[in-house]
Amino acid sequence: MITPSTPTQSIANDATPSAGSGGPRSASAVANTLELLSSMRFSISLLVFICMASLIGTVVAQGRSANAYIDQFGPFWFEVLDKFSIWHIYNSWWFLVTMAFLVLSTSLCLIRNAPKMLKDARSFREHIRASSLRSFHHKIEVDTAREPAQAAGSIQAWLQQQGYAVRQRADGDSLLLAAKRGSGNRFGYIFAHAAIVIICVGGLLDSELPIRLQVWLLGKTPIVENMMIADVPERGRLSVDNPSFRANVLVPEGSKRSSAIITVDDGALVQPLPFTLELKKFVVDYYSTGMPSRFMSQVEVTDPATGKTFEANIEVNEPLHFKGVTVYQSSFDDGGSEVELLGYSLTGSGTETFALKALVGQTSDITQGTSGQVIKAEITKLRTINVEDLTSGDPSAPKEFGEHVAAVTGSAASKKHKNLRNIGPSVEYRLIDASGQATTFHQYMLPAELDGSRVLLAGVQEPGRAGFRYLRMPADDYDTAEEFMRVRAALANPADRVEAVRRFARAYQGSATDQQALQTSAQRALETFADGGLQAISRFLETNVPPAEQQRAADIVIRLLGSAIHELRGLARERAGRPALDTSAQQLELDANWSRLAVAALSDLTLYPAPLLLTLKSFNHVQASVFQVSRTPGKFIVYLGCLFLVLGVFTMFYVRDRRIWVWLRPAEHAKGTCVLAAMTSQKRTLDFNREFDRFKAALNKLSQVS
């Protein structure tokens, strides 16, 4: 029913905002916003969002290079996902903002509800009426011959014996006993919600947020230019007293570092350290398979404030703690090793080689042959060990040292790693042509045994392609590629091709006509092969041989090529002053296999994307440790939050809030007391029912006592 005053009141409420600046509506909007921010549905939505983001961060490897993600997802999806910072999701602005909103939401919820919970925990709710107790599910009414005061004393004693806190209130000639037990259950909710706030605050403090705040608010600018640390201006340097950071520092053997690098987006900031770190020695232990089992950095730490030094060992899971900074063994890298490379030309008929000495990370100019073309060679990596499983025929993608260790820690000798072998050092380099096009190469120093043959592996990673494709060159008696390269030069020389075919035909036991026909066929096959490899042979057969005869013709041509390459090899050995090939049956089989491998490798060379090939001759290895240095005061806050979370969860689950009210009033028509009692709890479990039964039995026993 609507009263006459209702419309008037409604009109007055609607008219009020026009009198001022919209205050009531604005206040209502603020109240609604605060209600939303402090609501459970908003917090749960944020938690679901954070869980989904964390799932993505777990599935997608974090902190890898852009090229690795391009290879994995492709250029298009890399650009899309990069917009959302999927590669460092836990430090992305939207993840940090979400965490901040979760802190805000939970804090508002605490501020809003904690006082009510604390007040309710302290309250005995003694203002309840007797009539209300009859509506409870767990209630009991009994009569006793005792006086109200005497009965109240007995009931209060029993409740206190059971652990209840009791408050007594008189209401005329009646008495109310209000008892409570487990009211600390409310603290469980407070602890649990406070734990979320504390853990999130600790996490934010140890995230990139403090660094980004200095960039946004204090004028710090990440340096994108390539410069020495000493030349970095003040705007690119953080304070040595920076309260929270995670940085990386590379320390070569015998070198000292007192600054670390923090990567921020596409730039970097310099983080001074409160001490100087010197790498004395990098130690590596290996399993019998050649797999590294353990690595350790022996360092010397100097405190500039006192000048005192001490030595320490840093290992994985055994960091160094000093002056509030923790130093972790992150990985290792090259510290400026010197390599000596032997270069072979892949064009022309010359057999001259050239030497190249360079440091890892250094770029050198190579003048190519008589053409005068200059190619830049950049030595990018030196690996002294390469633990590979070659059962598939090719090495896997080259792994970093730390990946080898992580792959088999504690189980390198197990059966599943029985095929792993250390195949020796390798070098990785980039050749950059005049147009700026760069191609990456991976060259092993020693031969690897594949399918019973010793071959030298030369990997190629072309731009836009993932992984390496390997050229297999048969190794000579000295485990080098020299003899194969001499055969390549002889194949490029028309006179040598003619001489090799003549020797091959002369060895044929047949008529002069047959020898001439064989020589002509072999000459044509060798010329075609020299011009374009097996691909040219295939095109020739498809054009000139009926389809039904192509397979048979191909087999004949391959045999002719193998024999011709064998003669070229003999010719190359003569010119190099090496002894002639052995003619024993066993050696002939080995030589035939060498020739087959050479045919395949020479054919692949026609597709090799460089006019030269560099092999590793020797090196002087300089090791460097990569340390992660961090100051993380937030971890102690997180520990406190975890303690609160444990206390909160246990309190919520194992502390049950129970309330008992007992009204005692004098009997109306007889001497004695009428007792009306009720019991309630947040959760009516089997334990609660048993406790009520004990309480009921105690009251029944009281009623039987005179």
Side-chain angles (χ1 to χ4, degrees), residues 63 91 202-203 205-215 218 220-223 226-264 267-284 294-336 401-402 622-639:
N91 288 310
L205 185 60
D206 286 348
S207 69
E208 283 189 3
L209 184 59
I211 303 298
R212 293 189 178 273
L213 287 176
Q214 295 182 61
V215 173
L218 301 182
K220 298 299 181 181
T221 305
I223 303 300
N226 188 10
M227 64 174 65
M228 301 294 291
I229 291 180
D231 299 331
V232 174
E234 187 62 29
R235 60 183 174 83
R237 294 177 177 271
L238 300 171
S239 170
V240 69
D241 298 320
N242 191 11
S244 175
F245 62 84
R246 291 180 185 272
N248 292 295
V249 55
L250 183 145
V251 187
E253 282 183 331
S255 298
K256 300 179 180 180
R257 294 291 186 269
S258 59
S259 297
I261 301 299
I262 299 176
T263 302
V264 181
L269 294 170
V270 175
Q271 174 60 60
L273 301 177
F275 52 82
T276 299
L277 200 63
E278 180 181 0
L279 179 62
K280 291 293 188 180
K281 188 177 181 181
F282 186 82
V283 181
V284 188
R294 169 179 170 266
F295 56 100
M296 175 183 66
S297 296
Q298 297 178 355
V299 300
E300 183 178 272
V301 183
T302 303
D303 185 352
T306 62
K308 294 182 178 180
T309 63
F310 65 91
E311 294 185 351
N313 295 331
I314 304 176
E315 300 185 51
V316 177
N317 298 326
E318 294 184 15
L320 167 69
H321 304 279
F322 185 59
K323 301 190 78 170
V325 176
T326 303
V327 183
Y328 298 92
Q329 179 71 62
S330 176
S331 62
F332 88 107
D333 208 333
D334 195 279
F401 184 91
V622 178
Q623 190 63 67
S625 280
V626 178
F627 299 110
Q628 183 187 80
V629 291
S630 63
R631 179 179 284 150
T632 53
K635 67 181 180 182
F636 300 106
I637 300 177
V638 171
Y639 295 157

Sub-3.5 Å donor-acceptor pair from the side chain of [X] to the main-chain atoms of [Y], do we have one?
X: Asp334; Y: Gln623; result: no
X: Arg237; Y: Val232; result: yes
X: Ser331; Y: Val626; result: no

Is any side-chain heavy atom of [X] less than 4.5 Å from a side-chain heavy atom of [Y]?
X: Thr326; Y: Ser630; result: yes
X: Phe295; Y: Ile314; result: no
X: Thr221; Y: Val215; result: no

Which heavy atom in [X] sits nearest to a heavy atom in [Y], and how many Å separate them?
X: Ile261; Y: Ala268; result: CG2-CB, 3.6 Å
X: Leu250; Y: Ala624; result: CD2-CB, 3.7 Å
X: Ala260; Y: Val629; result: CB-CG2, 3.6 Å
X: Pro633; Y: Leu205; result: CG-CD2, 3.9 Å
X: Gly324; Y: Arg631; result: O-CG, 3.6 Å
X: Val251; Y: Ser255; result: CG1-O, 3.3 Å

Quick one: pull up [atom1] in [X] and [atom2] in [Y] and give me the separation to the nearest 0.5 Å.
X: Phe636; Y: Asp206; atom1: CZ; atom2: CG; result: 9.5 Å
X: Ile211; Y: Leu269; atom1: CD1; atom2: CG; result: 7.0 Å
X: Asp231; Y: Ile223; atom1: CG; atom2: CD1; result: 10.5 Å
X: Phe332; Y: Glu253; atom1: CZ; atom2: CD; result: 11.0 Å
X: Arg246; Y: Tyr328; atom1: CZ; atom2: OH; result: 6.5 Å
X: Arg235; Y: Lys220; atom1: CZ; atom2: NZ; result: 10.5 Å

Would Phe627 and Asn248 satisfy side-chain contact (heavy atoms from CB on, under 4.5 Å), going step by step from the backbone distance to the final call? CA-CA 6 Å; Phe627 299 110; Asn248 292 295; over 6 Å; no

Anything under 3.5 Å between a donor and an acceptor, one on a side chain of residues 297-305, the other on a protein residue two or more places apart or in another chain? List them.
| from | atom 1 | to | atom 2 | distance (Å) |
| --- | --- | --- | --- | --- |
| Ser297 | OG | Gln329 | OE1 | 2.4 |
| Ser297 | OG | Ser625 | OG | 2.5 |
| Asp303 | OD1 | Ala305 | N | 3.1 |
| Asp303 | OD1 | Lys323 | NZ | 3.1 |

Identify every side-chain donor-acceptor pair in residues 271-284 under 3.5 Å, counting partners at least two apart or on other chains, and give the distances.
| from | atom 1 | to | atom 2 | distance (Å) |
| --- | --- | --- | --- | --- |
| Gln271 | OE1 | Asn242 | ND2 | 3.0 |
| Gln271 | NE2 | Ser239 | O | 2.9 |

